[in-house]
Chemist: 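For reference, the structure I am asking about is given below.
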Amino acid sequence: MHRDIPLVMVHGLFGPLHCFNLTARMPEITVLTPDLLGYGSREPQAQLSLAAQADEVVRIVRALGPKPCHLLGHSVGWAVVVLAAARAPDLVKSIVSAEGNFTLDDAFMCRRIAPLGADEWANELQRIQSDPAAWLSRSGIAATAERLQMAHCILHNQPAATLQAMARAVVEETAEPGYLQTVRQLMARGIAVHLLAGSRSAASWNVPAWVRQGARSDTVLPGCGHMMMLEEPDRFCHSLLRSCFAQ
């Protein structure tokens, strides 16, 4: 098992990934779960692009040194990972799509948030934040004490302006034909692609047939949905170790 290869994990529309204690769950490897621009304690962003987020991921990867790393993108974070890998392919050993967006049909939350007025969305976010148990329930997730703590972390990690800016960037930039062409080019370069989905949401994930055919691994985690690292964090980490680090 190649344990000396770092794993950089890019969160989706709602971050972060560090609230799932993934680093502690995979102590044998180097795991980074950075906040993207506008997230966490970083300055809120009312204007964002996936290209700018990709440049930030490349900066993080370059700081790790000359060895290539594994890049994982959850949900819309996958689009950022694709663009980052295209910018620095020599620094990327594999890319992992944890139910990452391949088409606009995958960007269901972004398509709903993007056209809303700023105040309307800010008010809706406040309602969501006030009841994390209901937010989990809408995704079919039982609200245990640990999951409620994780949900609170996720829902309060970024301001409404950043979320809406990211939603608009995803809708605009992943609609471009060149986006999927970039995925094809990365695969043609020999960068391994791993697919990871939850059993409840896998059927609605719009993965192109040619991606599935060329993927190095294609894993469905039982008993969970789109937020697989919240529902089954240990199983999620075990799958990553098996797919990326056993190669």
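Remember, predicted model here, so these are calculated numbers, not experimental data. Note that the numbering runs from 1 along the sequence shown for the chain.
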Chemist: Is it true that the side chains of His194 and Ser97 contain a donor and an acceptor less than 3.5 Å apart?
Modeler: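 Result is no, nothing qualifies.
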Chemist: So if you build clusters from Ile, Leu, Val, Met, Phe, Trp, Tyr with side-chain heavy-atom gaps below 4.5 Å, do Val82 and Val58 land together?
Modeler: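 The answer is no; the residues belong to distinct hydrophobic clusters.
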Chemist: Taking side chain as C-beta onward, heavy atoms only, is Val170 less than 4.5 Å from Leu13?
Modeler: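 When only atoms from C-beta onward are counted, Leu13 and Val170 do not touch, as no gap falls below 4.5 Å.
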Chemist: In terms of hydrophobic clustering (I, L, V, M, F, W, Y; side-chain heavy atoms under 4.5 Å; direct or indirect links), are Ile154 and Leu148 co-clustered?
Modeler: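 Hydrophobic grouping puts Ile154 with Leu148.
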Chemist: Hey, is the main chain of Cys224 close enough, under 3.5 Å, to the side chain of Glu232 for a donor-acceptor pair?
Modeler: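 The answer is no, because no donor-acceptor pair under 3.5 Å joins these two groups.
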Chemist: For Ser201, what residues pass the side chain to side chain donor-acceptor pair (under 3.5 Å) criterion, not counting sequence neighbours?
Modeler: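 By the side chain to side chain donor-acceptor pair (under 3.5 Å) rule, Ser201 matches Glu99.
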Chemist: Where do Val76 and Val80 land on the side-chain contact (heavy atoms from CB on, under 4.5 Å) test, with the steps shown first?
Modeler: CA-CA 7 Å; Val76 305; Val80 175; over 6 Å; no
Chemist: Are Leu163 and Val171 in one and the same hydrophobic cluster, where Ile, Leu, Val, Met, Phe, Trp and Tyr link if side-chain heavy atoms are under 4.5 Å apart?
Modeler: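 Result: no, two separate clusters.
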Chemist: Do Leu48 and Leu37 touch side chain to side chain, with heavy atoms closer than 4.5 Å?
Modeler: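 Yes - at least one pair of side-chain heavy atoms lies under 4.5 Å apart.
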Chemist: Would you say Ser243's side chain and Ser239's backbone share a donor-acceptor pair under 3.5 angstrom?
Modeler: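 Answer holds: yes.
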Chemist: Is there a path of hydrophobic side-chain contacts, each under 4.5 Å between heavy atoms, that joins Val193 and Trp210?
Modeler: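 Yes; Trp210 is reachable from Val193 via cluster members.
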Chemist: Hey, what do you get for NZ (Lys93) to NZ (Lys67), rounding to the nearest 0.5 Å?
Modeler: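 The NZ atom of Lys67 is 11.0 Å from NZ of Lys93, to the nearest 0.5 Å.
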Chemist: Under the criterion side-chain contact (heavy atoms from CB on, under 4.5 Å), I'd like the reasoning laid out for Val57 against Val10: C-alpha separation, chi angles, the key distance, then a yes or no.
Modeler: CA-CA 8 Å; Val57 172; Val10 179; 4.0 Å; yes
Chemist: If we ignore hydrogens and angles and just use 3.5 Å, is the side chain of Asp131 paired with the main-chain N or O of Ala134 as donor and acceptor?
Modeler: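 Answer holds: yes.
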Chemist: State, yes or no, whether a side-chain contact exists between Gln53 and Met166 at a heavy-atom distance under 4.5 Å.
Modeler: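 Sidechains of Met166 and Gln53: in contact.
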Chemist: Test: salt bridge (Lys or Arg N to Asp or Glu O under 4.0 Å). Region: residues 102-126. Which pairs qualify, not counting sequence neighbours?
Modeler: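 Listed once each, the pairs are Arg112-Glu124.
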Chemist: Side chains of Thr33 and Pro16: closer than 4.5 Å at any heavy-atom pair?
Modeler: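 SC-SC contact between Thr33 and Pro16 ruled out.
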Chemist: Would you find more than 12 non-hydrogen atoms of other residues, nucleotides or ligands less than 6.0 Å from Gln181 atom CD?
Modeler: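 Buried by this count: over 12 neighbours within 6.0 Å.
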Chemist: For a side-chain contact (heavy atoms from CB on, under 4.5 Å) check, start with the C-alpha distance between Thr103 and Thr174, then their side-chain angles and the critical distance, and finish with the verdict.
Modeler: CA-CA 7 Å; Thr103 73; Thr174 61; over 6 Å; no
Chemist: So, do Leu72 and Val8 sit near enough that their side-chain heavy atoms are less than 4.5 Å apart?
Modeler: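 Side chain of Leu72 against side chain of Val8, heavy atoms only: no contact under 4.5 Å found.
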Chemist: Measure from the side-chain N and O atoms of Thr182 to the backbone N and O of Gly178, and report whether any donor-acceptor pair falls under 3.5 Å.
Modeler: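 The answer is yes, because a donor-acceptor pair under 3.5 Å joins these two groups.
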Chemist: Report the C-alpha separation of Glu146 and Leu230 in whole Å, then their side-chain angles, then the decisive distance to 0.1 Å, and conclude whether the side-chain contact (heavy atoms from CB on, under 4.5 Å) test is met.
Modeler: CA-CA 9 Å; Glu146 181 184 31; Leu230 184 152; over 6 Å; no
Chemist: Could you go through Arg189 and Asp90, starting from their C-alpha distance and side-chain angles, then the distance that decides it, and tell me whether this counts as salt bridge (charged side-chain N to carboxylate O under 4.0 Å, His left out)?
Modeler: CA-CA 10 Å; Arg189 284 185 66 102; Asp90 293 340; 3.3 Å; yes
Chemist: Please check if the side chain of Arg25 supplies one atom and the backbone of Cys237 the other of a donor-acceptor pair under 3.5 Å.
Modeler: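 Such a contact is absent between Arg25 side chain and Cys237 backbone.
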Chemist: Which pairs pass side-chain hydrogen bond (donor to acceptor under 3.5 Å, both in side chains) with one or both residues in residues 151-167, sequence neighbours excluded?
Modeler: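 Every side-chain hydrogen bond (donor to acceptor under 3.5 Å, both in side chains) pair that includes a residue of residues 151-167, provided the two are not neighbours, is Asp35-Asn157.
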Chemist: Taking Leu196's backbone N and O only, do any of them form a donor-acceptor pair with Trp205's side chain (distance below 3.5 Å, no angle check)?
Modeler: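 Not at all, since once roles are kept as given, no pair shorter than 3.5 Å links the two residues.
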Chemist: Side chain of Arg235, backbone of Leu221: donor and acceptor closer than 3.5 Å?
Modeler: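 No, the answer is negative, given that no donor and acceptor are paired below the 3.5 Å cut-off.
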Chemist: Under 3.5 Å, side chain of Glu231 to main-chain N/O of Gly225, donor-acceptor pair present?
Modeler: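 A pair under 3.5 Å: yes.
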Chemist: Any idea how Phe108 and His226 line up, ring-wise: parallel (<30°), tilted (30 to 60°), or perpendicular (>60°)?
Modeler: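 It falls in the perpendicular class, over 60°.
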Chemist: Any ring pair (Phe, Tyr, Trp, His ring centres under 6.0 Å) pairs touching residues 4-29, not counting sequence neighbours?
Modeler: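 As it turns out, the ring pair (Phe, Tyr, Trp, His ring centres under 6.0 Å) pairs with a partner in residues 4-29, which skip direct neighbours, are His11-Tyr39.
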Chemist: Report yes if the side chains of Leu195 and Thr219 come closer than 4.5 Å at any heavy-atom pair, otherwise no.
Modeler: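 No, their side chains stay 4.5 Å or more apart.
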Chemist: Which residue, Asp4, Leu241, Thr23, Ile5, forms the side chain to side chain contact (heavy atoms under 4.5 Å, CB included) with Ile29?
Modeler: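 The side chain to side chain contact (heavy atoms under 4.5 Å, CB included) with Ile29 is passed solely by Leu241 among Asp4, Leu241, Thr23, Ile5.
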Chemist: Is there a side-chain contact between Val96 and His74 (heavy atoms, below 4.5 Å)?
Modeler: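 When only atoms from C-beta onward are counted, His74 and Val96 do not touch, as no gap falls below 4.5 Å.
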Chemist: Given side chains that start at C-beta, do those of Pro89 and Leu91 come closer than 4.5 Å, heavy atoms only?
Modeler: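 Contact flag for Pro89/Leu91 side chains = no.
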Chemist: With Asp55, which residues qualify under side chain to side chain donor-acceptor pair (under 3.5 Å), at least two apart?
Modeler: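 Testing Asp55 for side chain to side chain donor-acceptor pair (under 3.5 Å), a comparison that skips the adjacent residues, returns Arg87.
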Chemist: Can you list everything that forms a side chain to side chain contact (heavy atoms under 4.5 Å, CB included) with Ala202? Sequence neighbours excluded, please.
Modeler: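 Partners of Ala202 by the side chain to side chain contact (heavy atoms under 4.5 Å, CB included) criterion, ordered by chain and then number, come out as Ala197, Val220.
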